[in-house]
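Below: the structure, in structure tokens.
Chain letters run A, B, ... following the sequence lines, proteins first, then strands; residues in each count from 1.
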Protein chains: 2
Amino acid sequence: MEPELTIQQVAQATGLSVHTLRYYERCDLIAPIGRSTSGHRRYSANDLRWIEFLNKLRLTGMPIRQMQQYAELVRSQPDSGFHRRRQMLESHREAVLAQIQQLQDNLAVIDWKIQHYSELEVTLNDSLKTPPQTHWRSLSKGESA
Amino acid sequence: MEPELTIQQVAQATGLSVHTLRYYERCDLIAPIGRSTSGHRRYSANDLRWIEFLNKLRLTGMPIRQMQQYAELVRSQPDSGFHRRRQMLESHREAVLAQIQQLQDNLAVIDWKIQHYSELEVTLNDSLKTPPQTHWRSLSKGESA
DNA sequence: TTAAAGGTTAGAGCGCACTCTAAGTCAAGC
DNA sequence: GCTTGACTTAGAGTGCGCTCTAACCTTTAA
């Protein structure tokens with residue numbers, strides 16, 4: 001009934017490597033996984049859901065330390081203490097929003113530069129089609145390009 | 001006339017450490033900086049602009065390897081080859097946009113969880129104000145929280 | 001029955017981007 | 001003259017997040 005997954009299957013499903021899955025378990029991001037009689041890990045559907053959520057945290061840049069804290073909260077108070085967990089997620093949320101903002105701000109400068117290069121290319125092309133009146137080298141102003 | 005800056009001043013202005021500034025020069029992200037008679041670095045306004053732009057690339061997550069390539073292009077063809085440079089920036093731009101998209105997607109799941117916790121807290125508060133009819137523990141369904 | 005495929009562990013190694021250290025030079029102020 | 005403090009270098013060390021290795025065990029299919 002419970003579809004018990006092998007470490008390979010979980011790796012496939014989550015995009016994490018089997019190495020990483022074992023590593024996460026070792027550093028308590030994942031609670032000890034059930035074993036088959038032979039000692040091999042058998043992941044439950046719940047385990048998979050948890051790992052998938054961990055992965056969201058990871059992909060939004062949460063450091064392992066923080067994920068460890070969060071995991072510890074979930075493990076120690078699975079049925080209460082939502083407030084503290086929510087706080088953690090909300091403060092992480094703010095950090096991610098700030099990061100997105102910073103990416104966008106800095107990207108704007110890069111966009112501006114791309115635009116600048118486009119214009120230089122157009123001007124350069126024009127000066128190649130029509131015989132150059134002025135020396136095209138005068139286009140560049142300093143080496144800050 | 002040219003305001004020659006010390007490494008300290010550039011560090012202040014850019015937010016990079018003096019260590020990092022020397023490190024960037026060592027690995028050719030920054031062309032060799034002019035020196036005072038005593039051998040101390042003296043940064044020009046142009047140097048500063050370049051470092052500030054580098055910093056934008058860095059803050060948008062461009063790896064040092066790529067910045068090295070870009071810097072090499074600028075150094076080898078300061079007055080031409082805009083096309084290649086523009087290509088690099090555009091492909092980086094796409095990568096950053098994809099990254100922002102991924103952050104937003106994953107953040108949506110985290111937001112959903114925050115919402116979920118909020119609701120649990122409200123329900124929990126209610127059940128504390130009015131005498132509990134059902135055991136509040138029944139709120140949690142599994143440990144995938 | 002035997003080979004291949006997949007699992008286990010403890011622990012070492014890696015790539016990145018810094019960050020720091022040690023030993024020395026130099027300029028300014030007391 | 002001497003101390004203080006900012007600078008120089010080459011090279012070592014750090015923290016993060018994996019990633020791999022070696023030696024061994026189990027399951028499966030031919």
Problem set entry | Considering all heavy atoms, the nearest A:L29-A:W50 contact | O-NE1, 2.8 Å
For this session: With the side chain counted from C-beta on, respond yes when A:H83 and A:M88 share a heavy-atom pair under 4.5 Å apart, and no when they do not.
Result: no
Problem set entry | Taking every non-hydrogen atom, the tightest pair across A:T60 and A:V96 | O-CG2, 3.6 Å
Problem set entry | B:T6 and B:R42 side chains, donor-acceptor separation under 3.5 Å | no
Problem set entry | Atom of B:L97, atom of A:L107 and distance for their closest heavy-atom approach | CD2-CD2, 3.7 Å
Exercise. Taking the side chain from A:N55 and the backbone from A:L16, do they hold a donor-acceptor pair closer than 3.5 Å?
Worked result: no
Exercise. Without hydrogens or angle criteria, can the side chains of B:D105 and B:Q101 be said to hold a donor-acceptor pair below 3.5 Å?
Worked result: yes
Exercise. Just by distance, do the side chain of B:R86 and the backbone of A:Q115 share a donor-acceptor pair under 3.5 Å?
Worked result: no
Problem set entry | Validation row: A:Q68, A:Y24 side chains within 4.5 angstrom (heavy atoms) | no
Seminar exercise, completed: Angle separating the five-pair end axes of the helix from C:dT1-D:dA30 to C:dC30-D:dG1, nearest 10°, is 10°
Exercise. Is there a side-chain contact between B:Q69 and B:L73 (heavy atoms, below 4.5 Å)?
Worked result: no
Exercise. Can you find a heavy atom in the side chain of B:K113 that is under 4.5 Å from one in the side chain of B:Y117?
Worked result: yes
Problem set entry | Flag side-chain contact, heavy atom, 4.5 Å: A:I30 against A:D47 | no
Exercise. Near DNA chain C, under 4.0 Å by heavy atom, which residues of residues 15-31 of chain A?
Worked result: A:R22, A:R26
Seminar exercise, completed: Rounded to whole Å, the CZ-C1' distance (B:R35 to D:dA6) equals 14 Å
Exercise. Looking at DNA chain D, which of residues 51-64 of chain B put a heavy atom within less than 4.0 Å of it?
Worked result: none
For this session: Could you tell me the separation between the CD atom of B:Q66 and the P atom of C:dG15, rounded to a whole number of Å?
Result: 18 Å
Exercise. Using a cut-off of less than 4.0 Å, is there contact between a side-chain N or O of B:R42 and OP1 or OP2 of D:dT8?
Worked result: no
Problem set entry | Contacting residues from residues 87-99 of chain B, given that a heavy atom lies under 4.0 angstrom of DNA chain C | none
Seminar exercise, completed: Residues of residues 5-12 of chain B with a heavy atom under 4.0 Å from any atom of DNA chain D, listed by number, are B:T6, B:I7, B:Q8
Exercise. Hey, is B:R35 close enough to B:E25 for a salt bridge, meaning N to O under 4.0 Å?
Worked result: yes
Exercise. Think B:R65 has a side-chain N or O under 4.0 angstrom from the OP1 or OP2 of C:dC16?
Worked result: yes
Problem set entry | Flag for A:R85-A:Y70: side-chain donor and acceptor within less than 3.5 Å | no
Exercise. Can a salt bridge be assigned to the pair A:R49 and A:E52 using a cut-off of 4.0 Å between side-chain N and carboxylate O?
Worked result: no
For this session: Grab the two heavy atoms, one from B:H92 and one from A:I110, that are nearest each other, plus how far apart they are.
Result: CD2-CD1, 4.1 Å
Under-3.5 Å N/O pairs linking protein and nucleotides 22-29 of chain D:
{"from": "D:dT27", "atom 1": "OP1", "to": "A:S38", "atom 2": "OG", "distance (Å)": "3.4"}

Problem set entry | Heavy-atom check, side chain of A:Y43 versus side chain of A:E4, under 4.5 Å | no
For this session: Looking only at non-hydrogen atoms, find the nearest pair between A:V18 and A:A11 and report the distance.
Result: CG1-CB, 3.9 Å
